[in-house]
There are 2 protein chains.
Amino acid sequence: MELQDLKVFRKVAETGNISRAAKELGYVQSNVTARIRRLEEELATTLFHRHSRGVTLTSAGRSLEIMPFGSST
Amino acid sequence: MELQDLKVFRKVAETGNISRAAKELGYVQSNVTARIRRLEEELATTLFHRHSRGVTLTSAGRSLEIMPFGSST
DNA sequence: CCATCTTACGGTGCTCGTAAGTATA
DNA sequence: TATACTTACGAGCACCGTAAGATGG
């Protein structure tokens, strides 16, 4: 897992919305989807529950969210 | 700068030798050369002095060396 | 329909190994 | 000649945007 992965993950967690996270990060939405998917594969877990109004953290996602990296944003 | 860049940088700094760092990291030597070069370009600075017996940190390199990331190795 | 996430596709650049080149002692 | 760093090259994959698809309210 690289720093950029964590930055994207955090923005999605913060907004609860992949589209808005993408806009705020300056990416298109499909890239953020793909990045989150790859991160989930790498960690062999599910970080977000997907529903029609956005996404919410799973318990695994909440664990990652509190990792003490990169908070200098 | 990503975590992997820092990991490679640190191993080179630790050993003072790109070839040995590469071996310890499980890469070929030319890749480590290229990675360090890319990192230097990204940071727009020179991290190592090159000489015929290896490399030594520049003052910029010493600054990066003490960054408080990734020390969990 | 509208908002949102996903999938397909192609371009560009990074990462990696192999191989050859350069330099110093 | 031995040791070390650099450059050239090509394969594979990640990252990025565009575009189209799927789903729920």
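Lettering of chains follows the sequences in order, A, B, ..., and the numbering in each one begins at 1.
- In this structure, R20(B) does not reach the dA4(D) phosphate: none of its side-chain N or O atoms is under 4.0 Å from OP1 or OP2.
- The nearest whole Å value for the distance from the CD atom in E2(B) to the C1' atom in dA14(D) is 12 Å.
- A sub-4.0 Å separation between OP1 or OP2 of dT15(C) and a side-chain N or O of N31(B) is absent.
- Remark: P of dA14(D) and CD of E42(A) are 10 Å apart, rounded to the nearest angstrom.
- As rounded to whole Å, 17 Å separates atom P of dA4(D) from atom CD1 of I36(B).
- The closest donor-acceptor contact from the side chain of T45(B) to the backbone of E40(B) lies at 3.5 Å or more, if one exists at all.
- Ranking dT6(D), dC5(C), dA4(D) by closeness to the N17(B) side chain, first place goes to dA4(D).
- At dT15(C), one or more side-chain N or O atoms of R35(B) fall inside 4.0 Å of OP1 or OP2 (strictly under the cut-off).
- The only option from E65(B), K11(B), M1(B) that meets the side chain to side chain contact (heavy atoms under 4.5 Å, CB included) definition with L6(B) turns out to be M1(B).
- Between F48(A) atom CZ and dT4(C) atom P there is a gap of 15 Å when expressed in whole angstrom units.
- Of all non-hydrogen atoms in I36(A) and F9(A), the two that sit nearest each other are CD1-CA, 3.9 Å.
- Distance alone, capped at 3.5 Å, is enough to place a donor-acceptor pair between the T58(A) side chain and the T46(A) backbone.
- Nearest-nucleotide positions on DNA chain D for R53(A) and Q4(A) put Q4(A) closer to the 5' end.
- Closest to the Q29(B) side chain, of the nucleotides dC16(C), dT6(D), dT18(D), is dT6(D).
- For R50(A), a side-chain nitrogen or oxygen approaches OP1 or OP2 of dT6(C) to under 4.0 Å.
- Rounded to a whole Å, the CE atom of M1(B) is 13 Å from the P atom of dT15(C).
- Residue Q29(B) comes nearest to I18(B) through the heavy atom pair NE2-CG2, 3.6 Å, listed as atom of the first residue, atom of the second, then distance.
- Residue R37(A) places its side chain closer to dT6(C) than to any other of dC5(C), dT18(D), dT6(C).
- The distance from atom NE2 of H49(B) to atom P of dT24(C) is 16 Å, rounded to the nearest whole Å.
- If you check distances only, the side chain of T33(A) never reaches the base of dT7(C) with a donor-acceptor pair under 3.5 Å.
- Both S19(A) and Y27(B) lie near DNA chain C, and the one whose nearest nucleotide falls closer to the 5' end is S19(A).
- Nucleotide dC16(C) holds its P atom 11 Å from the NZ atom of K7(B), rounded to whole Å.
- The phosphate of dC14(C) has OP1 or OP2 within less than 4.0 Å of a side-chain N or O from R38(B).
- Between the C1' atom of dC5(D) and the NZ atom of K23(B) lies a distance of 15 Å, rounded to the nearest Å.
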